[in-house]
Amino acid sequence: MEEQDVHFRHILLYYFRKGKNALQARKKLCAVYGNEALKERQCQNWFATFRSGDFSLKNAQRSGRPVEVDEIHIMAIIDSDRHSTTRDIAEKLNVLHTCIEKKKKKIKNAWLCQETRFMDLNKN
């Protein structure tokens, strides 16, 4: 999807530089790619960005974007110190503790399964 979005932005930039407005550019884009290629508002936003002098075609980094945390890293920290709090783990992984909180149930289930396997190995 990102590649297609960048492709559409290249086309919008082309029409911007040709002196077209956002609606004209969208009409030409939709003639080739169909009416659902880009929304009218998206074209207007990109033309406003171009008018401001920003010709970058990639999405800007978002500050509110969720951070993906790998459960394997969390489990490794728990294995090294079973008394680690979510805040301790978050600090070690340089993420907000709420990211760890969201993964807690999944991690707890994985940890319990690991403990059960460990106990089963000790019985034999």
Side-chain angles (χ1 to χ4, degrees):
M1 185 67 168
E2 176 69 25
E3 283 183 34
Q4 187 177 23
D5 290 342
V6 173
H7 177 68
F8 289 156
R9 291 171 197 159
H10 276 279
I11 295 168
L12 291 175
L13 180 58
Y14 170 78
Y15 285 118
F16 174 80
R17 290 197 170 150
K18 285 195 61 121
K20 303 289 183 195
N21 66 33
L23 297 179
Q24 292 168 330
R26 181 180 185 273
K27 185 176 180 181
K28 292 190 179 281
L29 190 75
C30 290
V32 175
Y33 294 98
N35 285 335
E36 297 304 313
L38 281 178
K39 303 289 182 216
E40 185 177 319
R41 190 71 189 141
Q42 290 172 302
C43 293
Q44 292 169 341
N45 289 340
W46 278 104
F47 268 66
T49 301
F50 299 151
R51 278 192 298 278
S52 74
D54 181 4
F55 298 104
S56 170
L57 300 174
K58 299 256 182 194
N59 283 332
Q61 191 73 353
R62 300 168 111 187
S63 61
R65 191 173 211 149
V67 176
E68 286 297 318
V69 180
D70 188 9
E71 289 95 8
I72 295 170
H73 289 105
I74 297 170
M75 291 296 295
I77 293 170
I78 292 170
D79 287 342
S80 67
D81 180 9
R82 294 184 185 265
H83 300 289
S84 294
T85 65
T86 55
R87 290 185 189 273
D88 294 335
I89 296 167
E91 188 175 311
K92 289 177 183 174
L93 295 176
N94 197 27
V95 296
L96 295 173
H97 81 279
T98 54
C99 294
I100 306 300
E101 288 287 338
K102 289 177 184 175
K103 299 276 185 176
K104 193 184 333 188
K105 183 176 181 181
K106 190 173 183 180
I107 293 166
K108 184 178 178 182
N109 290 339
W111 186 72
L112 290 173
C113 289
Q114 184 179 12
E115 285 295 301
T116 304
R117 275 186 262 126
F118 180 71
M119 284 191 243
D120 289 343
L121 289 173
N122 286 336
K123 286 181 183 178
N124 295 335

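Numbers here simply count residues along the sequence, with the first being 1.
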Would Leu23 and Leu13 show up in the same hydrophobic cluster when neighbours are defined by side-chain heavy atoms closer than 4.5 Å? no

Looking at Thr85 and Asp88, would you say the former's side chain and the latter's main chain have a donor-acceptor pair under 3.5 Å?
yes

Rounded to the nearest 0.5 angstrom, the CD1-CD1 distance for Ile72 and Ile77 is 12.5 Å

Between Leu38 and Cys30 the two heavy atoms that sit nearest each other are O-SG, 4.4 Å

### Asn45 side chain to Gln42 backbone, donor-acceptor under 3.5 Å
no

Residues pairing under ring-ring contact (aromatic ring centres under 6.0 Å, His included) where one sits in residues 69-95, two or more places apart or in two chains, turn out to be none

Tyr15 and Ala25 have their tightest heavy-atom pair at CB-CB, 3.7 Å

Minimal heavy-atom distance between Lys20 and Lys28, with the atoms involved, is CE-CE, 4.1 Å

**Study point:** Arg9 side chain to Phe55 backbone, donor-acceptor under 3.5 Å
**Key:** no

Taking every heavy atom of Cys43 against every heavy atom of Arg26, the minimum-distance pair comes out as SG-CB, 3.6 Å

For Gln24, I'd like to know if atom CD has over 12 heavy atoms of other residues, nucleotides or ligands within 6.0 Å.
yes

Please examine the side chains of Asn21 and Gln44, heavy atoms only from C-beta on, and report whether any two atoms are closer than 4.5 Å. no

For Trp46 and Leu12, the nearest pair of non-hydrogen atoms, with its separation, is CB-CD1, 4.0 Å

Legend entry - Aromatic ring pairing Phe16/Phe50, orientation class (parallel under 30°, perpendicular over 60°, tilted between): tilted

Applying side-chain hydrogen bond (donor to acceptor under 3.5 Å, both in side chains) to Lys27 and not counting sequence neighbours gives none

Value for CD1 (Ile89) from CD (Glu91), rounded to nearest 0.5 Å, stands at 11.5 Å

CD1 of Ile11 to CG of Leu57, rounded to nearest 0.5 Å, is 11.0 Å

CZ (Arg87) and CD (Glu101) are apart, to the nearest 0.5 Å, by 8.0 Å

Here the gap from Thr86 atom OG1 to Ile78 atom CD1, rounded to the nearest 0.5 Å, amounts to 10.0 Å

Separation between CG (Leu93) and SG (Cys99), nearest 0.5 Å, reads 10.0 Å

